[in-house]
Amino acid sequence: MLKYELLSPAGNFAMLSAAVDAGADAVYFGIQGFNMRAAAKNFAVTDLKEISRICAGKKKYITLNTIIYQHELKEIEKLIRKVSEKIDAIICSDLSVMMLCKKYE
């Protein structure tokens, strides 16, 4: 039988807890500076430990879905390297981000 993955957005810790408590199989969230919801609070890389605690047994996806400019490549690579072991996937649309993700998979 086909099982769907229930994926829920989380813009802050209250939303993250609510998604997990409601039965989400996975959550996705932004990291400050590199996602389309710039006006949202978003999470910091330092929040990943607490996110992992709350999401025990759930998948965690980070959105890095902005257009990345040449001058941001080193910073985005550093971010991908930091999070690569702590999350399950990166949601992105920029080819340079995709290539960097493949480098650290």
Are the aromatic rings of F29 and Y61 close, with centres under 6.0 Å apart? no
Indicate yes or no for a side-chain donor-acceptor contact from S84 to the backbone of R81 under 3.5 Å, with no hydrogens or angles considered. yes
Do you see a donor-acceptor pair shorter than 3.5 Å between the side chains of E77 and Y104? yes
Show your working on side chain to side chain contact (heavy atoms under 4.5 Å, CB included) between L100 and V97 and close with a plain yes or no. CA-CA 5 Å; L100 289 169; V97 174; 5.7 Å; no
Rounding to 0.5 Å, atoms CZ (F43) and CG (L48) come to a distance of 9.5 Å
Just so I know, are the side chains of I62 and I91 near enough to count as touching, which here means a heavy-atom distance under 4.5 Å? no
Test: D25 and K3 ion pair at under 4.0 Å: yes
Between NZ on residue K82 and OG1 on residue T46, distance to nearest 0.5 Å: 9.0 Å
What's the shortest heavy-atom distance between A44 and Q32, and which atoms? CB-OE1, 3.8 Å
Hey, are R53 and E50 close enough for a salt bridge, meaning a charged N less than 4.0 Å from a carboxylate O? yes
I'd like to know if the side chain of D94 reaches the main chain of I68, judged simply by a donor and an acceptor atom lying under 3.5 Å from each other, with no hydrogens or angles considered. yes
Mind listing the closest non-hydrogen atom pair of V27 and C55 along with its distance? CG2-SG, 3.7 Å
Can I51 be reached from I31 by stepping across I, L, V, M, F, W or Y side chains whose heavy atoms are under 4.5 Å apart? yes
With the side chain counted from C-beta on, respond yes when N65 and C92 share a heavy-atom pair under 4.5 Å apart, and no when they do not. no
Pairing residues for K102 by the side-chain hydrogen bond (donor to acceptor under 3.5 Å, both in side chains) criterion, not counting sequence neighbours: E105
Note: D88 and K58 closest approach over all heavy atoms is OD2-O, 4.0 Å
Nearest heavy-atom contact between S52 and K60 is OG-CE, 3.4 Å
State plainly whether one hydrophobic cluster holds both V45 and F13, where clusters connect Ile, Leu, Val, Met, Phe, Trp and Tyr through side-chain heavy atoms under 4.5 angstrom apart. yes
Salt bridge (Lys or Arg N to Asp or Glu O under 4.0 Å) partners for K59, two or more places apart: E5
Taking everything shown except M99 itself, do over 12 heavy atoms lie less than 6.0 Å from its CE? no
Rounded to the nearest 0.5 Å, what's the gap from CD1 on I90 to CG on L64? Could you check? 5.0 Å
Identified side chain to side chain contact (heavy atoms under 4.5 Å, CB included) counterpart of Y69 within the set L73, I67, T66: I67
